[in-house]
Amino acid sequence: MVVVEDLWRRRPQMMKQRLLAHLGHSRQVFARNCDIRRIDKPLAAAFLEASHSWGDASCRFRYGMFTRRSTGGKEEKLPAGTLVAVSTFSSARNWVKDGSRIRSCEWTRYASLPGLRVVGGMGRMLNYFLEDTGVDDVMSYADLEWSDGEVYRELGFTEEGRREGVSFVIDRDSWERRPMSGAEVTAAGGSSCIYTNPGSLKFRLRVRQG
(Lines give C-alpha, C1' and ligand atoms only; values in the text may rest on other atoms or scores of the structure.)
Protein backbone atom coordinates (compact mmCIF):
# COMPACT_ATOMS: atom_id res chain seq x y z
CA MET A 1 0.00 0.00 0.00
CA VAL A 2 1.22 3.49 -0.89
CA VAL A 3 0.01 6.65 0.86
CA VAL A 4 0.25 9.50 -1.63
CA GLU A 5 0.36 13.05 -0.32
CA ASP A 6 -2.02 14.60 -2.87
CA LEU A 7 -4.82 12.17 -1.98
CA TRP A 8 -4.13 12.62 1.72
CA ARG A 9 -4.39 16.41 1.45
CA ARG A 10 -7.30 16.52 -1.01
CA ARG A 11 -9.49 13.82 0.56
CA PRO A 12 -8.25 13.32 4.14
CA GLN A 13 -11.40 11.74 5.59
CA MET A 14 -11.64 9.11 2.87
CA MET A 15 -7.94 8.33 3.18
CA LYS A 16 -8.07 8.01 6.98
CA GLN A 17 -11.01 5.62 6.78
CA ARG A 18 -9.33 3.49 4.10
CA LEU A 19 -6.12 3.29 6.11
CA LEU A 20 -8.03 2.21 9.19
CA ALA A 21 -9.79 -0.46 7.12
CA HIS A 22 -6.46 -1.78 5.83
CA LEU A 23 -5.27 -2.01 9.43
CA GLY A 24 -8.34 -4.05 10.35
CA HIS A 25 -10.16 -1.25 12.18
CA SER A 26 -13.34 -1.18 10.10
CA ARG A 27 -17.02 -1.60 10.74
CA GLN A 28 -18.79 -4.33 8.80
CA VAL A 29 -22.04 -5.47 7.29
CA PHE A 30 -22.73 -8.75 5.50
CA ALA A 31 -23.54 -8.76 1.80
CA ARG A 32 -25.99 -11.62 2.34
CA ASN A 33 -28.18 -9.17 4.29
CA CYS A 34 -28.24 -6.65 1.44
CA ASP A 35 -30.07 -6.24 -1.87
CA ILE A 36 -28.49 -5.25 -5.19
CA ARG A 37 -30.12 -3.27 -7.96
CA ARG A 38 -29.17 -1.01 -10.85
CA ILE A 39 -28.73 2.64 -9.93
CA ASP A 40 -28.54 5.83 -11.97
CA LYS A 41 -25.44 7.77 -12.95
CA PRO A 42 -25.77 10.67 -10.44
CA LEU A 43 -26.13 8.32 -7.46
CA ALA A 44 -23.21 6.12 -8.54
CA ALA A 45 -20.99 9.10 -9.31
CA ALA A 46 -21.67 10.82 -5.98
CA PHE A 47 -20.93 7.63 -4.05
CA LEU A 48 -17.70 6.89 -5.93
CA GLU A 49 -16.44 10.48 -5.66
CA ALA A 50 -16.81 10.19 -1.89
CA SER A 51 -15.64 6.59 -1.47
CA HIS A 52 -13.16 5.61 -4.20
CA SER A 53 -9.62 6.99 -4.43
CA TRP A 54 -10.04 7.50 -8.20
CA GLY A 55 -13.60 8.77 -8.05
CA ASP A 56 -16.12 8.03 -10.80
CA ALA A 57 -15.33 6.53 -14.23
CA SER A 58 -17.05 6.07 -17.57
CA CYS A 59 -19.22 2.95 -17.51
CA ARG A 60 -22.35 1.32 -18.91
CA PHE A 61 -23.63 -0.68 -15.93
CA ARG A 62 -24.04 0.69 -12.38
CA TYR A 63 -25.12 -1.33 -9.35
CA GLY A 64 -25.78 -0.38 -5.75
CA MET A 65 -25.89 -2.62 -2.68
CA PHE A 66 -28.44 -1.56 -0.06
CA THR A 67 -29.10 -2.85 3.44
CA ARG A 68 -32.29 -4.92 3.39
CA ARG A 69 -33.19 -4.18 6.99
CA SER A 70 -31.87 -2.17 9.90
CA THR A 71 -28.58 -3.73 10.96
CA GLY A 72 -27.01 -4.18 14.37
CA GLY A 73 -25.49 -6.82 16.61
CA LYS A 74 -22.29 -8.01 14.91
CA GLU A 75 -22.94 -5.57 12.09
CA GLU A 76 -22.61 -1.80 12.01
CA LYS A 77 -25.92 -0.19 12.96
CA LEU A 78 -27.38 1.19 9.75
CA PRO A 79 -30.93 2.06 8.65
CA ALA A 80 -32.68 -0.16 6.12
CA GLY A 81 -32.06 1.02 2.58
CA THR A 82 -28.57 2.44 3.23
CA LEU A 83 -26.34 2.37 0.14
CA VAL A 84 -23.18 0.59 1.32
CA ALA A 85 -21.36 -0.33 -1.92
CA VAL A 86 -21.29 0.49 -5.63
CA SER A 87 -19.90 -1.44 -8.62
CA THR A 88 -19.62 -0.22 -12.21
CA PHE A 89 -18.84 -2.08 -15.44
CA SER A 90 -18.06 -0.97 -18.98
CA SER A 91 -20.04 -1.64 -22.14
CA ALA A 92 -19.43 -5.06 -23.67
CA ARG A 93 -16.73 -5.56 -26.27
CA ASN A 94 -17.33 -8.33 -28.79
CA TRP A 95 -14.95 -10.57 -30.66
CA VAL A 96 -14.98 -13.99 -32.30
CA LYS A 97 -12.77 -16.80 -30.96
CA ASP A 98 -12.78 -20.30 -32.47
CA GLY A 99 -16.06 -19.52 -34.16
CA SER A 100 -17.76 -18.34 -30.96
CA ARG A 101 -18.82 -14.78 -30.19
CA ILE A 102 -17.32 -13.49 -26.92
CA ARG A 103 -18.79 -10.60 -24.95
CA SER A 104 -16.37 -9.03 -22.47
CA CYS A 105 -16.75 -6.17 -19.97
CA GLU A 106 -14.31 -4.33 -17.73
CA TRP A 107 -15.08 -4.07 -14.01
CA THR A 108 -14.19 -0.41 -13.66
CA ARG A 109 -15.00 0.40 -10.03
CA TYR A 110 -15.92 -1.19 -6.71
CA ALA A 111 -16.15 0.79 -3.47
CA SER A 112 -17.86 0.51 -0.12
CA LEU A 113 -18.56 3.31 2.32
CA PRO A 114 -15.27 4.59 3.79
CA GLY A 115 -14.50 2.69 6.98
CA LEU A 116 -17.09 0.01 6.23
CA ARG A 117 -16.25 -3.52 5.10
CA VAL A 118 -19.02 -5.28 3.20
CA VAL A 119 -18.22 -8.94 3.85
CA GLY A 120 -18.72 -10.84 0.59
CA GLY A 121 -19.61 -7.63 -1.24
CA MET A 122 -17.39 -7.98 -4.31
CA GLY A 123 -18.44 -11.58 -4.92
CA ARG A 124 -22.14 -10.82 -4.69
CA MET A 125 -21.78 -7.76 -6.95
CA LEU A 126 -19.88 -9.80 -9.55
CA ASN A 127 -22.40 -12.66 -9.53
CA TYR A 128 -25.32 -10.25 -9.84
CA PHE A 129 -23.68 -8.57 -12.83
CA LEU A 130 -23.00 -11.90 -14.54
CA GLU A 131 -26.60 -13.03 -14.06
CA ASP A 132 -27.94 -9.64 -15.17
CA THR A 133 -25.91 -9.36 -18.38
CA GLY A 134 -24.81 -12.89 -19.32
CA VAL A 135 -21.36 -11.73 -20.44
CA ASP A 136 -18.70 -14.34 -21.20
CA ASP A 137 -15.64 -12.57 -19.85
CA VAL A 138 -14.78 -9.92 -17.23
CA MET A 139 -11.45 -8.12 -16.86
CA SER A 140 -10.26 -5.65 -14.24
CA TYR A 141 -7.17 -3.98 -12.79
CA ALA A 142 -5.83 -4.10 -9.24
CA ASP A 143 -4.36 -0.71 -8.33
CA LEU A 144 -0.95 -1.42 -6.77
CA GLU A 145 -1.23 1.70 -4.63
CA TRP A 146 -3.82 -0.21 -2.60
CA SER A 147 -3.91 -3.89 -3.47
CA ASP A 148 -1.85 -6.89 -4.57
CA GLY A 149 -4.88 -8.32 -6.36
CA GLU A 150 -5.49 -11.21 -3.97
CA VAL A 151 -9.21 -10.43 -3.82
CA TYR A 152 -9.45 -11.05 -7.60
CA ARG A 153 -7.64 -14.38 -7.27
CA GLU A 154 -10.11 -15.41 -4.56
CA LEU A 155 -12.97 -14.59 -6.96
CA GLY A 156 -11.51 -16.87 -9.64
CA PHE A 157 -9.74 -14.29 -11.80
CA THR A 158 -6.41 -15.10 -13.47
CA GLU A 159 -3.55 -12.59 -13.53
CA GLU A 160 -2.64 -11.63 -17.11
CA GLY A 161 0.12 -9.08 -16.71
CA ARG A 162 1.13 -5.74 -15.32
CA ARG A 163 0.33 -2.25 -16.56
CA GLU A 164 3.16 0.22 -16.08
CA GLY A 165 2.74 3.23 -13.81
CA VAL A 166 1.14 6.46 -15.02
CA SER A 167 2.82 9.82 -14.44
CA PHE A 168 0.76 12.73 -13.15
CA VAL A 169 1.29 16.45 -12.70
CA ILE A 170 0.06 17.46 -9.24
CA ASP A 171 -0.89 21.04 -8.43
CA ARG A 172 0.45 21.79 -4.94
CA ASP A 173 -2.22 24.45 -4.37
CA SER A 174 -5.34 22.40 -5.16
CA TRP A 175 -3.71 18.94 -4.94
CA GLU A 176 -5.53 17.96 -8.13
CA ARG A 177 -3.71 15.49 -10.37
CA ARG A 178 -3.91 14.99 -14.14
CA PRO A 179 -2.12 12.57 -16.49
CA MET A 180 1.14 14.05 -17.72
CA SER A 181 2.10 14.38 -21.38
CA GLY A 182 5.68 13.84 -22.50
CA ALA A 183 6.19 17.57 -23.05
CA GLU A 184 5.42 18.24 -19.41
CA VAL A 185 8.29 16.17 -18.00
CA THR A 186 10.61 19.16 -17.91
CA ALA A 187 7.85 21.78 -17.61
CA ALA A 188 6.57 20.81 -14.16
CA GLY A 189 7.85 23.03 -11.40
CA GLY A 190 6.89 25.91 -9.17
CA SER A 191 3.56 24.95 -7.63
CA SER A 192 3.49 21.59 -9.47
CA CYS A 193 5.22 18.26 -8.95
CA ILE A 194 5.38 14.95 -10.78
CA TYR A 195 4.26 11.61 -9.38
CA THR A 196 4.37 8.20 -11.08
CA ASN A 197 2.13 5.58 -9.52
CA PRO A 198 3.27 1.94 -9.15
CA GLY A 199 0.97 0.68 -11.90
CA SER A 200 -1.62 -2.09 -11.76
CA LEU A 201 -2.12 -5.80 -12.30
CA LYS A 202 -4.50 -7.01 -15.00
CA PHE A 203 -6.94 -9.81 -14.15
CA ARG A 204 -9.47 -11.74 -16.23
CA LEU A 205 -12.37 -14.05 -15.39
CA ARG A 206 -13.42 -16.34 -18.23
CA VAL A 207 -17.03 -17.17 -17.45
CA ARG A 208 -17.48 -19.21 -20.63
CA GLN A 209 -14.68 -20.37 -22.89
CA GLY A 210 -14.75 -19.50 -26.56
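What you see is a predicted model, and the numbers here were worked out from it, not measured in a lab.
Checked by atom type and distance alone, the side chain of Arg11 pairs as donor or acceptor with a backbone atom of Ser53 at under 3.5 Å. Formation of a donor-acceptor pair under 3.5 Å by the Asp143 side chain with backbone atoms of Ser200 is not found in this model.
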* Test Val135 against Phe129 for side-chain contact (heavy atoms from CB on, under 4.5 Å), laying out the working first. => CA-CA 9 Å; Val135 299; Phe129 169 71; 3.7 Å; yes
* Passes side-chain contact (heavy atoms from CB on, under 4.5 Å), Thr82 versus Val29? Steps please. -> CA-CA 11 Å; Thr82 300; Val29 296; over 6 Å; no
* Asked: Checking side-chain contact (heavy atoms from CB on, under 4.5 Å) for the pair Thr133/Cys105: CA distance, chi angles, key distance, verdict?
  -> CA-CA 10 Å; Thr133 62; Cys105 288; 5.7 Å; no
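Residues Val169 and Arg178 have side chains in contact (heavy-atom distance under 4.5 Å, counting atoms from C-beta outward). At least one side-chain heavy atom of Leu78 sits less than 4.5 Å from a side-chain heavy atom of Leu116. For the pair Phe66/Ile39, a side-chain contact is recorded, criterion being any heavy-atom separation below 4.5 Å from C-beta on. Side-chain contact between Trp54 and Arg109 is present, with at least one heavy-atom pair separated by less than 4.5 Å. Under the 4.5 Å side-chain criterion, counting only non-hydrogen atoms from C-beta, Cys193 is in contact with Arg172.
Closest heavy-atom contact between Leu83 and Gly64: CD1-CA, 3.7 Å. Shortest non-hydrogen contact noted between Ser51 and Pro114 is OG-CD, 3.4 Å. Here the shortest heavy-atom pairing between Gly123 and Leu155 reads CA-CD2, 3.6 Å. Of all heavy-atom pairs spanning Pro179 and Phe168, the tightest one is N-CD2, 3.6 Å. What you find for Thr67 and Cys34 is that their closest heavy atoms are CA-SG, 4.0 Å. Across all non-hydrogen atoms, the minimal contact from Gly165 to Thr196 is C-CG2, 4.1 Å.
Residue-environment remark: CZ (Arg153) exceeds the threshold of 12 foreign heavy atoms within 6.0 Å. Atom CZ of Arg68 has more than 12 neighbouring heavy atoms from other residues, nucleotides or ligands inside a 6.0 Å radius.
In the hydrophobic clustering of this structure, Phe30 does not group with Val86; members are Ile, Leu, Val, Met, Phe, Trp, Tyr whose side-chain heavy atoms approach within less than 4.5 Å, directly or through other members. Linking ILVMFWY side-chain heavy atoms closer than 4.5 Å, directly or via other members, places Val119 and Tyr128 in two distinct hydrophobic clusters.
Ile170 CD1 to Ile194 CD1: the interatomic distance, rounded to the nearest 0.5 Å, is 9.5 Å. To the nearest 0.5 Å, atom OG of residue Ser167 and atom CG of residue Asn197 are 8.0 Å apart. In this structure, CG in Asp148 is found 9.5 Å from CD in Glu159, a value given to the nearest 0.5 Å. With values rounded to the nearest 0.5 angstrom, Ser140 atom OG is found 9.5 Å from Leu126 atom CG. Distance CG/Leu201 to OG/Ser147: 8.0 Å, rounded to 0.5 Å. Rounded to the nearest 0.5 angstrom, Met65 CE and Leu113 CG are separated by 11.5 Å.
In terms of the side chain to side chain contact (heavy atoms under 4.5 Å, CB included) criterion, residue partners of Glu106 (sequence neighbours excluded) are, by chain and number, Ser90, Thr108, Met139, Tyr141. In this view, Arg10 and Asp6, Leu7, Trp175, Glu176, Arg177 satisfy the side chain to side chain contact (heavy atoms under 4.5 Å, CB included) rule, not counting sequence neighbours. With sequence neighbours excluded, the residues forming a side chain to side chain contact (heavy atoms under 4.5 Å, CB included) with Tyr110 are Ala85, Ser87, Trp107, Ser112, Val118, Met122, Met125, listed by chain and number. Considering only residues two or more places apart in sequence or on other chains, Glu164 meets the side chain to side chain donor-acceptor pair (under 3.5 Å) condition with none of them.
The salt bridge (Lys or Arg N to Asp or Glu O under 4.0 Å) analysis of residues 111-135, with sequence neighbours excluded, yields the pairs Arg38-Asp132. Within the structure, salt bridge (Lys or Arg N to Asp or Glu O under 4.0 Å) pairs that include any residue of residues 45-65 do not occur (at least two apart or interchain).
A distance of 6.0 Å or more separates the ring centres of Phe203 and Phe157.
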